[in-house]
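Some notes on the structure that comes next.
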Amino acid sequence: MTVKRRKSNWYIYLITFVVTAALAAMIMSIFWDVIFPEREASDYSGIRGDIPDASNNIKILFMLSEEKAGAPTRYMLMSYQPADETIVCIPIRSDMEAVVGNRRGPLYQLYLDGGVQTIMYAIEGTMGVKCDRYVKFSRDSFVSMIDAMGKVTVNCAYDVLSSDGSVLFESGTHQMNGTNLYSYICYDNPAYGDDYQSLVLGSAAVSIFNSNLHGLSATVIQSYFTKLMNTTDTNLTLEDYTKRQQAFLFTSVESFSPGQYYIPYGEVDGGVFKLADSSKTTIQQRLKLTE
């Protein structure tokens, strides 16, 4: 008996595979755009639609004293340059020598002689920087402001000691509330070097700008500005805020690490700090006052 060999149906399987693959490809193409939608161009119609320009720049002199009517012990010039996404913080030594009219002396003495306006003239004459506004904190207003913004992260390069010699803050990273931060930036130790005060003040300011003031809503920014005007000695006005409201929001939301600081250099002679001419030039360049 002869057995017939069944004919191979390989071509049927091949056709079935091809048709199935084609159908799968068609179905996948239909749902591809749903599963993986095409990325659209970034939408800058909101906050990016009104990128701030140089007209929003402002230079503010910050001062800190123990009492509201007391002489400041800490000075810092802040230059806000939102178009460059930059906030330049320049700590100024209280013993920096300056000349105002026929008066010459360190800032702390000039303040005692003529107050805030004399200090602003002194900084303009010595550093070539005209301060648009000033803010003078007392201990209470500073602590209140920092506590409103939340704890500030600082990196202590050295131990901070209390008046009895015990360690208040060990070297290392700390989360500080307003009271602790005030104690930290007002502490001084000659053994830590001439620039210790400036480094502490500059790094703390940068931490506040880059961390505590990042990602805020317009409502929160306005509440901080209002608190600043209501609790400090300042000539900031509501108009200063409303003019820059969009710029402040842009910086908070869109700018990452805008804060930076520069430590002026010079030499100490006769008990006063004399700013070097080359440092003055650098300051003016960092603040976009010269090319």
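Sequential numbering from 1 along the given sequence is applied to the chain's residues.
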Would you say [X] and [Y] make side-chain contact, with heavy atoms under 4.5 Å?
X: Leu61; Y: Met120; value: yes
X: Tyr75; Y: Leu201; value: no
X: Lys59; Y: Met78; value: no
X: Tyr184; Y: Leu168; value: no
X: Val152; Y: Ser211; value: no
X: Val116; Y: Pro72; value: no
X: Thr219; Y: Gln222; value: no

Subject >> More than 12 heavy atoms of other groups within 6.0 Å of Asp53 CG >> reply: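 For Asp53, atom CG is crowded (more than 12 foreign heavy atoms under 6.0 Å).
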
Supply the atom-to-atom distance [X] [atom1] to [Y] [atom2], rounded to the nearest 0.5 angstrom.
X: Leu181; Y: Ile146; atom1: CG; atom2: CD1; result: 5.5 Å
X: Phe137; Y: Met145; atom1: CZ; atom2: CE; result: 6.5 Å
X: Leu238; Y: Gln245; atom1: CG; atom2: CD; result: 9.5 Å
X: Cys131; Y: Glu124; atom1: SG; atom2: CD; result: 8.0 Å
X: Thr281; Y: Leu289; atom1: OG1; atom2: CG; result: 11.5 Å
X: Ser257; Y: Ile87; atom1: OG; atom2: CD1; result: 10.5 Å

Subject >> From Asp233, Ile60, Leu77, residue fulfilling side chain to side chain contact (heavy atoms under 4.5 Å, CB included) relative to Tyr134 >> reply: Asp233

Original post:
For Arg139 and Glu67, what are the C-alpha separation, side-chain angles and deciding distance, and is it a side chain to side chain contact (heavy atoms under 4.5 Å, CB included)?
Top reply: CA-CA 6 Å; Arg139 181 187 184 281; Glu67 301 295 335; over 6 Å; no

Does the side chain of [X] come under 3.5 Å of the side chain of [Y] through a donor N or O and an acceptor N or O?
X: Gln81; Y: Asn57; answer: no
X: Ser144; Y: Lys227; answer: yes
X: Asn177; Y: Thr179; answer: no
X: Asn189; Y: Tyr187; answer: yes
X: Ser138; Y: Ser141; answer: yes
X: Gln175; Y: Thr153; answer: yes

**OP:** Identify, with sequence neighbours excluded, every residue that meets side-chain contact (heavy atoms from CB on, under 4.5 Å) alongside Ser223.
**Re:** Val220

Locate the shortest heavy-atom distance separating [X] from [Y]; write the atom from each residue and the value.
X: Met76; Y: Cys89; result: SD-CB, 3.8 Å
X: Ser65; Y: Lys136; result: OG-NZ, 3.2 Å
X: Val253; Y: Leu216; result: CG2-O, 3.9 Å
X: Ser166; Y: Asp164; result: OG-OD1, 2.7 Å
X: Asn212; Y: Gly150; result: ND2-O, 3.2 Å
X: Thr237; Y: Met229; result: C-SD, 3.5 Å

For the pair [X] (side chain) and [Y] (backbone), establish whether a donor and an acceptor sit closer than 3.5 Å, ignoring hydrogens and angles.
X: Asn56; Y: Pro52; answer: no
X: Thr232; Y: Leu228; answer: yes
X: Asp147; Y: Gly178; answer: yes
X: Ser252; Y: Leu249; answer: no
X: Lys151; Y: His174; answer: no
X: Ser207; Y: Ser203; answer: no
X: Thr251; Y: Ser255; answer: no

What about [X] and [Y], same hydrophobic cluster or not, with Ile/Leu/Val/Met/Phe/Trp/Tyr joined at side-chain heavy-atom distances under 4.5 Å?
X: Val200; Y: Val206; result: no
X: Met176; Y: Met149; result: yes
X: Tyr192; Y: Leu199; result: no

Original post:
Excluding sequence neighbours, so at least two apart, what forms side chain to side chain donor-acceptor pair (under 3.5 Å) with Lys288?
Top reply: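 Expected list: none.
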
**OP:** With sequence neighbours left out, write down each residue that passes side chain to side chain donor-acceptor pair (under 3.5 Å) with Gln284, or none if nothing qualifies.
**Re:**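 Here no residue qualifies.
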
Under 3.5 Å, which donor-acceptor pairs link side chains of residues 261-273 to any protein atom two or more places apart or in another chain?
| from | atom 1 | to | atom 2 | distance (Å) |
| --- | --- | --- | --- | --- |
| Tyr262 | OH | Ser279 | OG | 2.9 |
| Tyr265 | OH | Ser278 | OG | 2.7 |
| Asp269 | OD2 | Lys274 | NZ | 3.4 |

**OP:** Test Ile283 against Lys280 for side chain to side chain contact (heavy atoms under 4.5 Å, CB included), laying out the working first.
**Re:** CA-CA 5 Å; Ile283 290 170; Lys280 175 180 177 179; 5.5 Å; no

**OP:** Fit a plane to each ring of Phe248 and Tyr80, take the angle between them on a 0 to 90° scale, and name the class: parallel (under 30°), tilted (30 to 60°) or perpendicular (over 60°).
**Re:** tilted

Subject >> Working for side chain to side chain contact (heavy atoms under 4.5 Å, CB included), residues Tyr182 and Glu66 >> reply: CA-CA 10 Å; Tyr182 178 86; Glu66 173 67 28; 2.7 Å; yes

**OP:** Please lay out, stage by stage, how Arg133 and Asp240 fare under the test salt bridge (Lys or Arg N to Asp or Glu O under 4.0 Å).
**Re:** CA-CA 10 Å; Arg133 297 289 185 267; Asp240 292 325; 2.8 Å; yes

Acceptor/donor pairs from residues 90-112 side chains to any protein atom, 3.5 angstrom cut, sequence neighbours excluded:
| from | atom 1 | to | atom 2 | distance (Å) |
| --- | --- | --- | --- | --- |
| Arg93 | NE | Asp95 | OD1 | 3.0 |
| Arg93 | NH2 | Asp95 | OD2 | 2.9 |
| Gln109 | NE2 | Asp113 | OD1 | 3.3 |

Original post:
Stepwise, does the side chain to side chain contact (heavy atoms under 4.5 Å, CB included) test hold for Ser171 with Val160?
Top reply: CA-CA 7 Å; Ser171 60; Val160 176; over 6 Å; no

Subject >> Qualifying ring pair (Phe, Tyr, Trp, His ring centres under 6.0 Å) pairs, either residue in residues 200-236, two or more places apart >> reply: His214-Phe256, Phe225-Tyr241

